> 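Input: one structure, supplied below.
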Amino acid sequence: MLVIKNIAKTYAKSNKPAVDSLSMNIRAGELYGFIGPNGAGKTTTIKMMTGILSPDSGDVLIGGQKINGTQAEQIAAKRLIGYVPDAQDAYDRLTGLEYLNFMADMYRVSEDDRTRAIPKYTELFGIADALRDPVRSYSRGMKQKLTITGALLHNPKLFILDEPMVGLDPHSAHQLKLIMRERVNSGGTVFFSTHVLDVAERLCDRIGIINQGKLIAEGTLEEINDARLNASLDKSIKAEKRTLSGATLEQIFLELTEQNEEAE
Amino acid sequence: MRDYFIVLRQQIRQRLGLSLIRANFKKGARARTTMIAVAVAVAAVSVLGMLYTGEFFLSRFMAEQKMSYVTLFVGLALTLLTTFVSGTALLLSVLYFSRDSEALAVLPVRPSTVFAAKTTVAYLGEIGVSALIILPLLAFVGVFERCGVGYYVKSLVVWLTITTLPLTLSALASLPLMRFTALWKHRDIVAVVGGLLLVALFILGETYLSSRLAVTLEENPAQIVMLLFGNTKLFETIAKAIPPLYFALSALTLSNAQSWLNLLALICVSLALLAVTLYISRKLYRQGAMSQLETHKSAHRSRKGGRISARSPILAVAMKDLKILFRTPVYALNTLAVIIMLPILMLVPMASQSMMTDPDIQGIMNVLGGLSDTFTLALIYGGIAALFSGLNSAISTAVSREGKQFFWVKVLPVPYSTQIYAKLLSNSVFSAATIIMCVIIAAVSIHLSAAIIALGTLLAIVLCIAISTIQLTIDAIRPKLTWSNPTEAIKQNANTLYGMLAAAVLLIALGGIAYLLLHLNMRGFVVFIEIFLLSAIAAVSSLIWMKKAARKAFYRIEA
């Protein structure tokens with residue numbers, strides 16, 4: 001569903017690449033968690049996946065369509081995506097309903113479909129009663145729920161979320177996790193970045209760890225742990241790590257990112 | 001006082017973006033930054049060069065006629081008016097609609113300190129602009145009148161105080177206005193209407209004074225003769241209606257002790273107004289500013305109002321743009337003011353029944369009366385209507401106003417060309433409103449025939465398409481997406497100026513061609529058709545250019 005081929009990005013005013021030779025292949029029906037420390041390149045990668053940024057090199061293919069290709073390919077790729085940004089940047093001078101109608105118009109969602117989808121998600125997130133209020137009167141969490149609803153209206157094949165749990169109350173976070181799993185079960189793909197390692201550990205089919213613009217580990221939790229063990233050539237260190245064979249994602253994450261930073 | 005300077009320094013840095021320019025200059029963007037600076041400098045020198053040439057010849061001629069009083073009157077009155085009009089919108093946005101209101105509110109600083117710092121920033125901006133216009137004029141008058149050092153000292157003081165007055169008045173008027181809006185549920189609308197009323201009232205007052213000039217002349221025709229012989233009593237009478245203007249003029253034109261007393265009076269009036277404003281700000285500013293951060297929510301949560309309905313993407317973007325524009329007070333104030341002020345300026349003198357006696361209007365009517373050809377008059381009318389439409393900053397900032405939300409433009413599965421056409425469509429509301437206003441003025445006030453109005457309107461529509469497209473393309477190529485308050489997006493945006501210049505260049509070029517063709521004794525009908533066709537070609541070419549340029553910019557701009 002999502003193929004990232006060797007993409008790189010260096011911002012105009014920087015000498016250091018934000019993302020460097022990154023490749024990933026995320027299959028349909030997969031829930032993929034993307035984790036990394038602050039400034040690792042998560043948001044830059046997501047922005048290249050959604051067409052906000054153009055990679056300096058490499059390609060991003062969504063459902064076989066190049067998001068950095070011709071205009072027709074870009075539009076076809078974008079139709080498959082539902083995107084929830086990290087900042088709650090909905091148009092705050094519109095009302096909630098106006099915003100949702102706008103998003104549905106952009107993705108050409110029929111009136112019947114939106115009449116079904118809007119109440120379904122807004123009631124699930126508890127914002128149905130606030131839809132006639134201006135978005136600027138919403139709390140951070142409400143804006144997040146509205147953006148998530150807007151991204152789901154066209155039933156996207158690829159659901160991309162950048163730090164989606166930030167600002168959500170426990171009930172809504174739970175609902176979102178259910179929605180993400182439901183989408184995957186029905187053949188869709190979910191890609192999300194997070195700092196909440198517990199969520200990634202429990203929810204994801206596969207995890208990618210990015211640090212300093214490079215993908216330093218990828219796979220299921222077991223695969224990442226095995227790779228980590230095999231990577232150590234020193235037998236004494238290997239033996240020491242064996243004791244952590246049932247390591248949590250947090251332990252693995254800390255170890256890998258610290259190692260990577262030392263190597264740099 | 002220490003807090004005041006800390007906030008002031010932060011506000012100046014934020015407004016000017018000096019750190020950003022410095023960073024750009026350091027980090028490899030040196031060539032581009034230098035190029036932009038050179039382009040801006042060339043444009044500024046060209047515009048100011050024309051202005052100063054005009055000021056030079058005007059002040060020399062008036063000095064020869066012993067009428068420098070009139071030169072100073074015009075210069076200072078214009079400074080007062082322009083500072084008030086532009087200062088009102090600027091102050092409202094800086095003081096009440098700025099994104100940093102919340103951040104500043106939590107700091108251990110008195111609201112009146114924030115008010116003073118923000119007003120100072122607005123003041124510094126306005127004296128900077130007024131310096132470019134009024135200081136050379138004052139210098140020319142000084143040179144041609146062979147004035148001494150005292151005159152130049154007084155000129156500097158007058159320049160600094162004459163800008164303070166309208167800004168202080170704006171700030172003073174805004175305090176109760178914004179406190180008043182806090183009492184209303186839909187405070188944005190009240191703020192827009194209040195702001196427009198404030199500007200309209202000032203223009204009405206100014207127009208009333210101008211109409212008094214015409215009435216005085218009508219009642220006492222001898223004054224025309226006196227005026228021609230250098231008697232400036234008439235202007236003195238008008239200036240007395242605005243005491244600070246009178247004090248400033250007297251300070252500059254008299255050479256005795258009385259002139260210094262007048263200067264002292266001017267300073268005292270300014271300081272007194274400033275003191276009153278600062279005192280009232282202690283009582284009213286915080287409530288007014290903080291209430292703008294609140295947004296009304298329905299008291300009773302209801303699912304009524306608004307409905308789920310589908311639109312085409314182009315219409316959806318156009319409607320979204322219009323809704324945001326009308327619901328953002330600074331945008332609404334700046335875009336609606338141009339449309340609303342036009343009929344006020346034209347119709348008020350007529351209502352005071354002095355229009356037909358106004359020498360300027362008489363002059364225009366005589367020129368128009370001399371042109372009996374319907375097509376020639378339609379050309380003039382169409383050009384003027386298009387010019388008024390081109391003055392609106394709605395379209396020349398349409399992309400810049402997306403600001404941080406620009407990333408949606410890139411994420412949404414709608415071609416950028418469609419989104420740009422939608423912006424053009426939403427702007428057509430403003431062009432249409434301006435054209436309708438022009439039709440009303442032409443029919444009611446100038447009594448042009450239906451044929452002239454119809455033909456002129458047709459030409460204006462085509463010209464408006466060309467002008468709007470060019471203005472939008474300029475903004476699409478290099479939008480100002482980083483701003484901390486809406487004023488920076490619409491008012492402190494160079495694209496507005498470039499857009500107006502482009503409109504002026506197009507209209508001057510077409511006007512020049514029309515003049516040449518008429519001069520060659522070509523029939524009015526033929527000239528009209530030719531200009532209409534040229535305008536249509538300009539419109540189509542600009543649409544093609546827009547599609548290409550905007551698409552190129554779309555890939556270049558990284559949100």
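Everything numeric here is computed off the predicted structure, so don't read it as measured data. Lettering of chains follows the sequences in order, A, B, ..., and the numbering in each one begins at 1.
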> With a 4.5 angstrom heavy-atom cut-off, which part of B/Q419 approaches chain A: side chain, backbone, both or neither?
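Neither the backbone nor the side chain of B/Q419 comes within 4.5 Å of chain A.
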
> Restricting to ring-ring contact (aromatic ring centres under 6.0 Å, His included), what partner residues turn up for A/F102, sequence neighbours left out?
A/Y91

> Give a yes or no on whether the backbone of A/M1 and the side-chain of A/K157 come within a donor-acceptor separation of less than 3.5 Å.
no

> Only heavy atoms, only distances under 4.5 angstrom. Which residues in residues 63-80 of chain A are near chain B?
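Contacts with chain B: A/Q71, A/Q74, A/I75, A/K78, A/R79.
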
> Sequence neighbours excluded, which residues qualify as side-chain hydrogen bond (donor to acceptor under 3.5 Å, both in side chains) partners of A/Q175?
none

> Should A/T44 and A/Y11 be marked as a side-chain hydrogen bond (donor to acceptor under 3.5 Å, both in side chains) after you check the CA-CA gap, both sets of side-chain angles, and the distance that decides it?
CA-CA 10 Å; A/T44 304; A/Y11 286 107; 2.9 Å; yes

> Highest number of heavy-atom pairs under 4.5 Å with chain A: which of B/V411, B/V317, B/L315, B/I324?
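With the most close heavy-atom pairs to chain A, the winner is B/V411.
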
> Restricting to salt bridge (charged side-chain N to carboxylate O under 4.0 Å, His left out), what partner residues turn up for B/D475, sequence neighbours left out?
none

> Look at the aromatic rings of A/Y83 and B/F407 and report parallel, tilted or perpendicular, splitting at 30° and 60°.
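The rings of A/Y83 and B/F407 stand perpendicular, inter-plane angle above 60°.
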
> Quick check on B/F326 against chain A: is it the side chain, the backbone, both or neither that has a heavy atom closer than 4.5 Å?
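For B/F326, neither part sits under 4.5 Å from chain A.
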
> Answer with side chain, backbone, both or neither: which region of A/L94 has an atom nearer than 4.5 Å to a non-hydrogen atom of chain B?
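Interface part for A/L94: both.
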
> Between B/N495 and B/R478, do the side chains contain an N or O donor and an N or O acceptor separated by less than 3.5 Å?
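Note: B/N495 and B/R478 side chains miss the donor-acceptor criterion.
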
> Would you say that A/T149 contacts A/F125 through its side chain, given a criterion of any heavy-atom pair below 4.5 Å between the two side chains?
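Counting from C-beta outward, A/T149 and A/F125 do come under 4.5 Å.
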
